[in-house]
Amino acid sequence: MAAKKVLFLIDDTSESLKTLLFAARYFNPQTTHLTFFTPFTSENSFEPSRPSEVFRFLITSGVKEGVLSSSEFNRLSDTLENFVAHVHNLDKIGKEAKSHLMSHFSFCDLIIGAPGAFDFWNTQSMNYEGRPGGLKIKLSGECCDEINRIVILNDGSDQSLGTIQEFSRLFNDTFVKTEINLLITNPDYRADDQVHIVRFLHAHFKNLAYHVLSGEEPHKLRSYLGVNDNTLILNVEGTNMPLVKKYFTGDNLARLSNIY
């Protein structure tokens, strides 16, 4: 199984360029239904109707703040030029926008955006009003090249296991050749349960290794896991955050949770 319907939340800051970059790199619009929500309404000179036009709204702030290099800007611009997706331009404070968002949230596989975009659209106020929605991914950290390694943090909780399972089902095609490191962060996690999650992940990702955290110094753990600018850290939202701050501050972090 792979993600078939994906929503991207865009705000009016340069951080949303990372969302466009992630969309362009990892999703095929020929096989996946892609939708962008933007705040660029009729108050602007024109409303974007294609991802390439959304890019043009963000490029000025992106250049000014140095979010992407000039070569990345050029590549992203070229990629988005023929990128096909639905673009909805909504007034973020209007009731109609909230209703429209909730309808889409209820019937999608993934919701992706920078942390600020989730705050911009005030998704927290929607979490308990609609039907269960898709897996929510908040992308932070620096923009990196093609992801070649993913470190998955697992504390053994039901929330962590359920979200990791959902991620695996939705991204096994996307990251089929990517190295996966499972990091067990709970020393009390039963060995039998570790075996089950390792077997599950190995059924979805072929390049899998796992490590049980035992209090290593940050530089030693990062070296062992091979963490670099091309690594994506996956952590369930609300768990392991002290460990994330200790070991992975500044890394490209995806905070995962299911919207309920």
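Keep in mind the model is a prediction, meaning the values are calculated, not measured. No hydrogens, no waters, no symmetry mates; every other heavy atom, side chains included, goes into these values.
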If you look at every heavy atom in [X] and [Y], which pair is closest and at what distance?
| X | Y | result |
| --- | --- | --- |
| Asp11 | Phe40 | O-CZ, 3.9 Å |
| Asn228 | Asn230 | OD1-N, 2.8 Å |
| Pro39 | Ile10 | CD-O, 3.4 Å |
| Glu47 | Glu53 | O-OE1, 4.2 Å |
| Asn89 | Val87 | OD1-CG1, 3.7 Å |
| Arg149 | Asn181 | CD-ND2, 3.6 Å |

query = Which residue, Phe27, Phe37, Trp121, Phe83, forms the ring-ring contact (aromatic ring centres under 6.0 Å, His included) with Phe8?
reply = Phe27
Could you measure the distance from the [atom1] atom of [X] to the [atom2] atom of [Y]? Nearest 0.5 Å is fine.
| X | Y | atom1 | atom2 | answer |
| --- | --- | --- | --- | --- |
| Ile137 | Leu9 | CD1 | CG | 12.0 Å |
| Arg222 | Glu217 | CZ | CD | 13.0 Å |
| Ile164 | Glu166 | CD1 | CD | 12.0 Å |
| Asp109 | Leu170 | CG | CG | 5.5 Å |
| Ile112 | Leu135 | CD1 | CG | 8.5 Å |
| Lys136 | Cys108 | NZ | SG | 11.5 Å |

query = Is it the case that more than 12 heavy atoms not belonging to Asn28 sit under 6.0 Å from its CG atom?
reply = yes
task = Tell me, yes or no, whether the heavy-atom count around His88 atom NE2, taken from other residues, nucleotides or ligands under 6.0 Å, exceeds 12.
result = yes
message = Between Phe200 and His204 (judged by ring centroids, cut-off 6.0 Å), do the two rings come close enough to count as a pair?
response = yes
inquiry  = For Phe171 together with Phe205, are the ring centres under 6.0 Å from each other?
reply    = no
inquiry  = Assess the residue pair Leu7 and His104 against the criterion (side-chain contact (heavy atoms from CB on, under 4.5 Å)); give the C-alpha distance rounded to whole Å, side-chain angles, the decisive distance to 0.1 Å, and a yes or no.
reply    = CA-CA 8 Å; Leu7 307 183; His104 280 270; 3.7 Å; yes
Are any of the side-chain heavy atoms of [X] and [Y] separated by less than 4.5 Å?
| X | Y | result |
| --- | --- | --- |
| Ile184 | Leu182 | yes |
| Val67 | Glu72 | no |
| Lys206 | Lys177 | no |
| Leu76 | Leu80 | yes |
| Thr178 | Asn207 | no |
| Leu183 | Phe248 | yes |

For [X] and [Y], test the side chains for any donor-to-acceptor distance below 3.5 angstrom and give the result as yes or no.
| X | Y | result |
| --- | --- | --- |
| Glu216 | Ser214 | yes |
| Asp155 | Thr185 | no |
| Ser77 | Asn74 | no |
| Gln159 | Thr163 | no |

Under 4.5 Å between side-chain heavy atoms, counting indirect links through other Ile/Leu/Val/Met/Phe/Trp/Tyr residues: same cluster for [X] and [Y] or not?
| X | Y | result |
| --- | --- | --- |
| Val198 | Val212 | yes |
| Tyr210 | Val195 | no |
| Ile150 | Val176 | no |
| Val151 | Tyr224 | yes |

request  = Measure the acute angle between the ring planes of Phe22 and Tyr26, then classify it against the limits of 30° and 60° as parallel, tilted or perpendicular.
outcome  = tilted
query = What do the steps show when you test Leu153 against Ile233 for side-chain contact (heavy atoms from CB on, under 4.5 Å), and what is the final call?
reply = CA-CA 8 Å; Leu153 276 58; Ile233 310 298; 3.9 Å; yes
ask   = Does the pair Ile197 and Tyr189 meet the rule for a side-chain contact (heavy atoms from CB on, under 4.5 Å), with working shown?
value = CA-CA 11 Å; Ile197 189 64; Tyr189 193 37; 4.1 Å; yes
inquiry  = Please check: side-chain N/O of Ser223 versus main-chain N/O of His219, any donor-acceptor pairing under 3.5 Å?
reply    = no
query = Going through the distances and angles, do Ser168 and Leu201 end up as a side-chain contact (heavy atoms from CB on, under 4.5 Å)?
reply = CA-CA 7 Å; Ser168 300; Leu201 284 169; 3.2 Å; yes
